[in-house]
Q: 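Right, I'll just put the structure down here and ask away after.
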Amino acid sequence: MYFDTHAHYDDRAFDADREALLERLHREAGLELLLDPGCDLASSRAALALAERFPFVYAAVGIHPEELSSCAPESLTELRDLAAHPKCVAIGEIGLDYYWDAAHKEEQKALFRRQIELALELGKPIIVHDREAHGDCLDTVRDYPELRGVFHCFSGSPEMAEELLKRGWYLGFDGPVTYKNARRAPEVLALCPLERILLETDSPYLSPVPLRGKRNDSGNLSYIAEKVAQIKGLSPEALAAAALENGRRLFGV
Ligand code: NI
């Protein structure tokens, strides 16, 4: 019943129990589909390897803004090769992160645009990482009216959400919607149509309440679904089913 559209099972936090955990989540925790986005070439390859191993796992390939320094001129050529894999359903996780590194904004923007152009060329959606870079992320995607995808763990304003929704984008909601001090997420959820909501864990990061600080996994998607469902006035089951359909539609799985 759940589609976790953003979880990093290639992360070393899962080295000890990755395969057993995925099998258990799929068999016992209602994890019907999973999308593992890459953050650099090595993690994109690892995400594809998991997708080859497990029929319910899909991958995205991309170079995260935090990995800018590891990106060589030939990296984009290799990324294009990886993106040809039949289980690669998106380009991501890509975007801008001015919290991590505000000194290389122009380089981040250039890498973001090159990967957007690759996605458009291949006809794939993108998975956007936007941390403290709302204005520049919005300006960038505005330049590509035919581009589609999801703003992962959306943290922008209701006005930004409205503009993205008008342009056909999806918004991803993660553990932070369960935090006591979450103010924007409920406002954004209130205006976000049900058919544009995706549920994500960002595992192993961003564990929801009551598990903050612990390693996250897709079994915790239920806490996020419960909170989002409460805001939307739906049952958690109906919300999760809608989000699963949304993920299928966006990523074509
Ligand atoms: Ni992520």
Q: Over 60° means perpendicular and under 30° means parallel, so classify the ring planes of F56 and H26, tilted if in between.
A: parallel

Q: Do you reckon V141 sits in the same ILVMFWY cluster as L122, going by side-chain contacts under 4.5 Å, direct or chained?
A: yes

Q: Is a side-chain donor or acceptor of K87 paired with a backbone partner of A51 at a separation under 3.5 angstrom?
A: yes

Q: Is there a path of hydrophobic side-chain contacts, each under 4.5 Å between heavy atoms, that joins L194 and V228?
A: yes

Q: If hydrophobic clusters are built by linking Ile, Leu, Val, Met, Phe, Trp and Tyr wherever their side-chain heavy atoms come under 4.5 Å apart, do L147 and I127 end up in the same one?
A: no

Q: Kindly say whether M1 contributes a backbone atom to a donor-acceptor pair with the side chain of E32 at under 3.5 angstrom?
A: yes

Q: Looking at R167 and E163, is there a salt bridge between them, counting it only when a charged N and a carboxylate O are closer than 4.0 Å?
A: yes

Q: Is any side-chain heavy atom of M160 closer than 4.5 Å to one of F151?
A: yes

Q: Tell me, do C39 and E66 make a side-chain contact under 4.5 Å, heavy atoms counted?
A: no

Q: Can you give me the closest heavy-atom contact between L191 and A161, atom names plus distance?
A: CD1-CB, 4.1 Å

Q: Determine, stepwise, if the pair Y144 / E117 fulfils side-chain contact (heavy atoms from CB on, under 4.5 Å).
A: CA-CA 9 Å; Y144 304 92; E117 284 155 17; 2.6 Å; yes

Q: Treating Ile, Leu, Val, Met, Phe, Trp and Tyr as nodes and any side-chain heavy-atom pair under 4.5 angstrom as an edge, say whether L250 and W169 lie in one connected cluster.
A: no

Q: Which value, rounded to the nearest 0.5 Å, describes the distance between L22 atom CG and D36 atom CG?
A: 8.5 Å

Q: Does a donor on one side chain and an acceptor on the other come within less than 3.5 Å for N220 and T201?
A: no

Q: Answer yes or no: is there a donor N or O on one side and an acceptor on the other, between the side chain of T178 and the main chain of V209, under 3.5 Å?
A: yes

Q: Ion pair present between D15 and R12, side-chain N to carboxylate O less than 4.0 angstrom?
A: no

Q: Counting N and O atoms only, with roles assigned by atom type, does the side chain of E200 sit under 3.5 Å from a partner on the main chain of C153, one being a donor and the other an acceptor?
A: yes

Q: For the pair E23 and R53, find out whether any cationic side-chain nitrogen is under 4.0 Å from an anionic carboxylate oxygen.
A: yes

Q: Hey, are Y9 and D217 close enough side-chain-wise for a donor-acceptor pair under 3.5 Å?
A: no

Q: With distance as the sole test, does R184 use its side chain to make a donor-acceptor pair with the main-chain N or O of P158 at under 3.5 Å?
A: no

Q: Is any NZ, NE, NH1 or NH2 atom of the basic residue among D40 and R45 found under 4.0 Å from an Asp or Glu carboxylate oxygen of the other?
A: no

Q: Side chains of F173 and L189: closer than 4.5 Å at any heavy-atom pair?
A: yes

Q: Is the closest side-chain donor-acceptor distance between H8 and E93 under 3.5 Å?
A: yes

Q: What residue among L33, T5, L50 forms side-chain contact (heavy atoms from CB on, under 4.5 Å) with Y58?
A: L33

Q: Does a donor on one side chain sit under 3.5 Å from an acceptor on the other, for R249 and Y170?
A: yes

Q: Do S207 side-chain atoms and K214 backbone N/O form a donor-acceptor pair below 3.5 Å?
A: yes

Q: Looking only at atom types and distance, does a side-chain atom of Q115 sit under 3.5 Å from a main-chain N or O of I63, one as donor and one as acceptor?
A: yes

Q: Do you know which two heavy atoms are closest between G38 and S44, and how far apart they sit?
A: CA-OG, 3.6 Å

Q: CZ of R183: more than 12 outside heavy atoms within 6.0 angstrom?
A: no

Q: Determine, stepwise, if the pair D143 / R113 fulfils side-chain contact (heavy atoms from CB on, under 4.5 Å).
A: CA-CA 10 Å; D143 285 345; R113 284 183 184 272; 2.8 Å; yes

Q: Check for a donor-acceptor pair, side chain of R248 on one end and backbone N or O of V253 on the other, with a separation under 3.5 Å.
A: yes

Q: Would you say V150 and V89 are hydrophobically clustered, going by side-chain heavy atoms of ILVMFWY under 4.5 Å?
A: yes

Q: Mind checking the CD1-CD spacing from I224 to E226? Nearest 0.5 Å is all I need.
A: 11.0 Å

Q: At their closest point, which heavy atom of L165 faces which heavy atom of R196, and how far apart are they?
A: O-NH1, 2.8 Å

Q: Rounded at 0.5 Å granularity, tell me how far NZ in K124 sits from CG in L118.
A: 9.0 Å

Q: Indicate yes or no: at least one non-hydrogen side-chain atom of L35 is less than 4.5 angstrom from one of D4.
A: no

Q: Using a strict threshold of under 4.0 Å (side-chain N to carboxylate O), is an ion pair present between K109 and E106?
A: yes

Q: Between D97 and H129, is any side-chain donor less than 3.5 angstrom from a side-chain acceptor?
A: yes

Q: How far apart are the closest heavy atoms of C192 and K232, and which atoms are they?
A: O-NZ, 2.7 Å

Q: Strictly distance-based, threshold 3.5 Å: is any side-chain N or O of D130 a donor or acceptor partner for the main-chain N or O of A133?
A: yes

Q: Check the side chains of D11 and Y205 for a donor-acceptor pair under 3.5 angstrom, ignoring hydrogens and angles.
A: yes

